[in-house]
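Take a look at the structure below.
Counting from 1, the numbers follow the sequence of the chain as shown.
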Amino acid sequence: MFVTVASHKGGVAKTTTAVHLADYFNSFAPTLLLDADPTKNALDWYEKGREGKRLPFRVAPDGQGPKLASQYTHIVIDKGQRPTMDDLKTYAGFEADELLIVPTVPAPCDVDGLMRMVATLQEMGAKHYRVLLTRVPVDAAKDATALREALVEMGVPIFQTQIPRLKTFERAAGEGTVAKHINDKTSERAWKAYVDAGKEILQ
């Protein structure tokens with residue numbers, strides 16, 4: 001399975017999504033996370049990990065993909081923001097084993113970028129892509145519901161699962177691990193959200 005996480009805008013939990021899904025996939029089969037973002041956030045995340053909580057899967061620069069890909073069952077790509085047309089042609093999911101995940105926050109400035117990206121994907125005839133609502137605040141339930149309904153009406157595929165805005169994810173990034181290893185009251189909820197998203201993908 002090839003999963004690419006890309007968005008028009010930064011700050012939408014793109015790397016958080018890539019890391020947590022890679023960890024979930026790795027519990028079933030060897031998984032490689034390729035960092036294709038110029039900021040190299042996924043590599044930084046990995047390097048912060050401490051013994052016992054270090055990410056259990058391989059994280060490598062995207063340039064090593066051709067050399068490493070044959071060794072892994074699942075490959076997750078953390079792509080930079082504002083993907084070009086060529087990027088979308090490469091990662092937009094034209095094959096059955098490819099999926100492009102487009103994370104977005106249900107806020108006006110984020111939705112504008114999402115709609116531009118979705119329009120491009122639809123014009124290209126992309127088949128295997130799906131929007132994931134991320135960093136959803138408790139007080140934004142109506143906004144999330146309204147966005148979900150608008151996307152469904154447009155024929156845009158969207159995850160049933162949505163990712164809540166929780167401090168657990170920030171702590172996980174700071175410690176170089178995933179939410180399930182963070183000792184706080186929302187870690188279980190944070191991890192379950194990505195488990196549920198992962199199940200939707202593997203189904």
Side-chain angles (χ1 to χ4, degrees), residues 1-7 12-37 40-79 90-103 126-136 157-164 166 168-169 171-173 175-184 186-203:
M1 184 77 182
F2 291 84
V3 174
T4 300
V5 186
S7 64
V12 295
K14 182 172 58 60
T15 300
T16 300
T17 296
V19 167
H20 281 78
L21 288 179
D23 193 89
Y24 174 72
F25 295 152
N26 193 67
S27 65
F28 297 99
T31 299
L32 171 66
L33 173 56
L34 293 174
D35 193 339
D37 190 327
K40 299 304 177 191
N41 288 335
L43 283 166
D44 289 345
W45 192 313
Y46 178 78
E47 290 168 1
K48 291 176 183 176
R50 298 193 301 272
E51 187 175 354
K53 291 185 178 180
R54 196 177 185 92
L55 298 177
F57 51 88
R58 178 77 177 270
V59 181
D62 64 317
Q64 295 185 20
K67 179 177 69 175
L68 298 173
S70 63
Q71 304 172 37
Y72 296 89
T73 302
H74 302 300
I75 297 175
V76 179
I77 303 171
D78 182 11
K79 188 66 184 166
T90 301
Y91 300 114
F94 289 97
E95 302 297 331
D97 64 344
E98 297 175 348
L99 176 67
L100 172 64
I101 297 176
V102 185
K127 297 179 180 179
H128 303 289
Y129 72 95
R130 204 178 303 178
V131 173
L132 176 66
L133 300 187
T134 58
R135 300 187 65 195
V136 179
I158 183 169
F159 283 86
Q160 290 298 314
T161 302
Q162 60 188 36
I163 310 301
L166 298 170
T168 298
F169 293 123
R171 291 188 60 192
E175 296 181 22
T177 188
V178 291
K180 65 184 177 182
H181 294 308
I182 299 300
N183 185 23
D184 67 24
T186 62
S187 60
E188 184 176 349
R189 179 184 172 205
W191 174 243
K192 183 179 184 301
Y194 276 111
V195 167
D196 290 345
K199 288 178 179 177
E200 287 191 52
I201 294 169
L202 294 182
Q203 285 174 354

How far does CG of D97 sit from NE2 of H128, to the nearest 0.5 angstrom?
8.5 Å
Taking the side chain as every heavy atom from C-beta outward, state whether V131 and P157 have any atom pair closer than 4.5 Å.
no
Please give me the minimum heavy-atom distance between L33 and A42, naming the atom from each residue.
CD2-CB, 4.0 Å
T161 backbone acceptor or donor facing D196 side chain under 3.5 Å:
no
Check whether W45 reaches the backbone of T177 with its side chain - one donor and one acceptor, N or O, closer than 3.5 Å.
yes
For a 4.5 angstrom cut-off between non-hydrogen side-chain atoms, does D62 reach I77?
no
Rounded to the nearest 0.5 Å, what separates atom CG in L132 from atom CD in Q162?
9.0 Å
Please examine the side chains of I201 and L21, heavy atoms only from C-beta on, and report whether any two atoms are closer than 4.5 Å.
yes
Just verifying a value: how many Å separate F169 CZ and T16 OG1, rounded to the nearest 0.5 Å?
7.0 Å
Distance check, rounded to the nearest 0.5 Å: L32 atom CG versus I75 atom CD1?
5.5 Å
Quick one: side chain to side chain donor-acceptor pair (under 3.5 Å) partners of T17, sequence neighbours excluded?
Y194
Assess whether side-chain contact (heavy atoms from CB on, under 4.5 Å) is satisfied between Q160 and K199, documenting all intermediate values.
CA-CA 11 Å; Q160 290 298 314; K199 288 178 179 177; over 6 Å; no
Tell me whether the NZ or CZ atom of R54 lies within the 45° cone about the ring axis of Y46 and under 6.0 Å from its centre.
yes
Locate the shortest heavy-atom distance separating D78 from A18; write the atom from each residue and the value.
CB-CB, 4.0 Å
Using side-chain contact (heavy atoms from CB on, under 4.5 Å), reason through F25 and L202 one step at a time and then give a plain yes or no.
CA-CA 9 Å; F25 295 152; L202 294 182; 3.9 Å; yes
Look only at the side chain of K40 and the backbone of D35, and say whether a donor-acceptor pair between them is shorter than 3.5 Å.
yes
Using a strict 4.0 Å threshold on nitrogen-to-oxygen distance, state whether E188 and K192 make a salt bridge.
no
What is the minimum heavy-atom distance between P56 and D23, and which atoms define it?
CD-OD1, 3.2 Å
Nearest heavy-atom neighbours spanning L34 and P61
CD2-O, 3.6 Å
Find out whether I101 and T4 are in side-chain contact, i.e. whether some heavy atom of one side chain is under 4.5 Å from a heavy atom of the other.
no
Do Y24 and V178 come within less than 4.5 Å of each other through their side chains, counting heavy atoms only?
no
Is there a donor-acceptor contact under 3.5 Å from the side chain of K14 to the main chain of K79?
yes
Under 3.5 Å donor-acceptor, T134 side chain and V12 backbone:
yes
Tell me, do L55 and V19 make a side-chain contact under 4.5 Å, heavy atoms counted?
yes
Within the distance-only criterion (no hydrogens, no angle test), does the side chain of H20 pair as donor or acceptor with the backbone N or O of A179 below 3.5 angstrom?
yes
In this structure, are over 12 heavy atoms from other groups packed under 6.0 Å from E200 atom CD?
yes
Can a donor-acceptor pair be found between the side chains of T186 and T168 at a distance below 3.5 Å?
yes
Counting C-beta onward and ignoring hydrogens, is there a side-chain heavy-atom pair between R130 and V102 closer than 4.5 Å?
no
Measure the spacing between CG of L100 and OH of Y129 and express it to the nearest 0.5 Å.
9.5 Å
Evaluate the side-chain proximity of L99 to M1: yes if any heavy-atom separation is below 4.5 Å, no if none is.
yes
About how many Å separate CZ of R135 and CD1 of I163, when rounded to the nearest 0.5 Å?
12.5 Å
